[in-house]
Number of protein chains: 2
Amino acid sequence: MPDSPARSTGAHFVYAELKRRILTRELKPGERLYEPAMAAALQVSRTPLREAIRRLISENLLEQQPTGGVLVPQLDAAVISELYEVRAAMESLMARNACTKASAADIEALHAILARNAALVEFADDAMQQGMALHAKIAGIAGNSWARRFHDQISSQMERYRHFTNSTQERRDQALAQHRTLVDAVAAGDPDAAAKIAFDHVMAARDAALKAISASGLAFS
Amino acid sequence: MPDSPARSTGAHFVYAELKRRILTRELKPGERLYEPAMAAALQVSRTPLREAIRRLISENLLEQQPTGGVLVPQLDAAVISELYEVRAAMESLMARNACTKASAADIEALHAILARNAALVEFADDAMQQGMALHAKIAGIAGNSWARRFHDQISSQMERYRHFTNSTQERRDQALAQHRTLVDAVAAGDPDAAAKIAFDHVMAARDAALKAISASGLAFS
DNA sequence: ATCATCATACTTGTATACAACTATGCAAGC
DNA sequence: GCTTGCATAGTTGTATACAAGTATGATGAT
């Protein structure tokens, strides 16, 4: 997934386009993909289309049926919990590593993001974006390519569920506070504290998300 | 990767065979793959071969060059550390979850594995195998499919490095002791303790591996 | 002698044709 | 009426042919 700037080939375009349609729900969960029709729609032959499909399957953004034939995986509340847990483990690790690797400039950058986060805390979309920027910065500082790789896959998956998780003002305030303590721990160079804070922070996000989903009536998939 | 029991197709066979050759170093790090030659050697056309190659690329068991063309990724001591860290995060999460999900039968099974582990602690290969069985059992109890998925990918990667990490008797004794305390924590249902023990345990394995590698002269790749 | 340029062989990327397989509907038998 | 078997349409899996791009070596100029 970090290999996006590869050689511009038809298969790459199809991959990006299909991924976009899946994440935006233009392709609906449960919907089956028919190769000839999709190839015609995207104006390529089946060969590069199949290549893109296979790649998406191995990222679990498409699902192969035992009988042959692929479809967009159904959304499932149980898996959300799993995703948040794994993401918590990743963010926790990265926060830990960031403690020993962060430069003074890094710390400054984190504080700058925090400031923007605070200024935008009443606007759901912007606050979310700043929060993601903070985690991305920490991931960059940590510099574990495998952790980033998995984290990116998780993020793609969670993108599919975002429509269900409109954050409340209360949750945004809580998240901001947690981000502050997280940055403090990183700045202080306390790996154990940072790891625990990051883990609990993501798990709190999970609880909020699950609550929002069940409240929204679980009209799912 | 858990989707192994898929429909028996040529591409699946090629995938499994190529993966085997990479993990066993029959295909050497740095070696480039030429599609026509490899297709002929495996007695399939380039189409299923390419499908297998693409899948292995997305698992980082093959690497695509910007210029086009794929090769077996070079082994690199730095990445070992990353892999162990991510694995530590995964095992830590799974140990945590196992605490709340383990049945009495599960605990019993863990103790049985521990007993075999203890009996075989002087035999490097068997001890390693029992250790992996223990972690696999815990992963099964935890029941987070995404964690397992990532854990499997990490395990495949580490398989490539196993030749360099012959464990010492001291390390095996230490690992057994750590496994004991881990099972105790799971049996006691103490998630925080189990998570910390699992994390530290894998990190200790990392230190031992890195030490063994640098001692073995770092004649790498 | 060194470097630039080009021709050539070979590689990967794509399209298309074909084979094998799956599912659906209809008819025949129970 | 319900099930079983089969024919048919349509799908996926594979092979092959072709186009586009890449690297290597030779040839010529400086």
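Below, chain A is the first sequence line, B the second, and so on; all start at residue 1.
Remark: P of C:dT11 and CD of B:Gln64 are 16 Å apart, rounded to the nearest angstrom. Rounded to whole angstrom, the span from the NE2 atom of A:His12 across to the C1' atom of C:dT12 amounts to 13 Å. Distance CG (A:Leu71) to P (D:dT11): 15 Å, rounded to an integer number of Å. Atom-to-atom, CD1 of B:Ile57 to P of C:dT12 comes out at 11 Å; the value is rounded to the nearest Å. If you take CG of B:Leu49 and C1' of D:dT16, they are 15 Å apart, rounded to a whole angstrom.
Atom CZ of A:Arg162 has 12 or fewer neighbouring heavy atoms from other residues, nucleotides or ligands inside a 6.0 Å radius. Around atom CD of B:Glu26, more than 12 heavy atoms belonging to other residues, nucleotides or ligands sit under 6.0 Å away.
A donor-acceptor pair is defined here as one N or O able to donate and one able to accept, closer than 3.5 Å; such a pair exists between the side chain of B:Ser92 and the backbone of B:Ala195. Side chain of B:Arg172 to backbone of B:Ser167: a donor-acceptor contact under 3.5 angstrom is found.
Comparing atom distances between the B:Ala11 side chain and each of C:dA15, D:dT14, C:dT22 picks out D:dT14 as nearest. When distances run from any side-chain atom of B:Arg50 to the nucleotides D:dA15, C:dG13, C:dA15, the shortest one goes to C:dG13. Nearest to the side-chain atoms of A:Arg54 among the listed nucleotides C:dG13, D:dG13, C:dA15 stands D:dG13. Among the nucleotides C:dG13, C:dA15, D:dT12, the one closest to any side-chain atom of A:Thr9 is C:dG13.
Looking only at side-chain heavy atoms (C-beta outward), A:Leu62 and A:Ile53 come within less than 4.5 Å of each other. Two residues are said to be in side-chain contact when any heavy atoms from C-beta on lie closer than 4.5 Å; A:Tyr15 and A:Glu59 meet this criterion. When side chains are defined from C-beta on, A:Ser145 counts as touching B:Glu82, because their heavy atoms get closer than 4.5 Å.
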Using nucleotides 4-6 of chain C, report all nitrogen or oxygen pairs with the protein that are shorter than 3.5 Å.
none

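When each of A:Val186, A:Val183, A:Asp106 is paired with A:Lys137, the side-chain contact (heavy atoms from CB on, under 4.5 Å) condition holds for A:Asp106 and for no other.
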Scan the side chains in residues 205-213 of chain A for donor-acceptor partners under 3.5 Å anywhere in the protein, sequence neighbours excluded, and list what turns up.
from	atom 1	to	atom 2	distance (Å)
A:Arg206	NH1	A:Ser81	OG	3.3
A:Arg206	NH1	A:Glu85	OE2	3.2

Output a table of donor-acceptor pairs, distance under 3.5 Å, between side-chain atoms of residues 28-41 of chain A and any protein atom two or more places apart or on a different chain; print 'none' if there are none.
from	atom 1	to	atom 2	distance (Å)
A:Glu31	OE1	A:Lys28	N	3.0
A:Glu35	OE1	A:Arg46	NE	3.0
A:Glu35	OE1	A:Arg46	NH2	2.9
A:Glu35	OE1	A:Arg50	NH1	3.4
A:Glu35	OE2	A:Arg50	NH1	3.0

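Where B:Arg46 and B:Glu51 meet DNA chain D, the nucleotide closest to each residue was compared, and B:Glu51 sits on the side nearer the 5' end. Position along DNA chain D of the nearest nucleotide to A:Val70 versus A:Thr47 favours A:Val70 as the more 5'-ward residue.
Summary for the helix from C:dA1-D:dT30 to C:dC30-D:dG1: the axes at its two ends, each from 5 pairs, differ by 10° when rounded to the nearest 10 degrees.
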Worksheet item: Should A:His151 and A:His135 be marked as a ring-ring contact (aromatic ring centres under 6.0 Å, His included) after you check the CA-CA gap, both sets of side-chain angles, and the distance that decides it?
Response: CA-CA 10 Å; A:His151 187 262; A:His135 290 293; 7.3 Å; no

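Pairs of residues two or more places apart, or lying in two chains, that qualify as salt bridge (charged side-chain N to carboxylate O under 4.0 Å, His left out) and include a residue from residues 92-101 of chain A are A:Arg96-A:Asp192.
For D:dA23, neither phosphate oxygen OP1 nor OP2 lies less than 4.0 angstrom from any side-chain nitrogen or oxygen of B:Gln65.
Taken residue by residue, residues 30-43 of chain A places heavy atoms nearer than 4.0 Å to DNA chain D at A:Arg32, A:Leu33, A:Tyr34, A:Glu35, A:Pro36.
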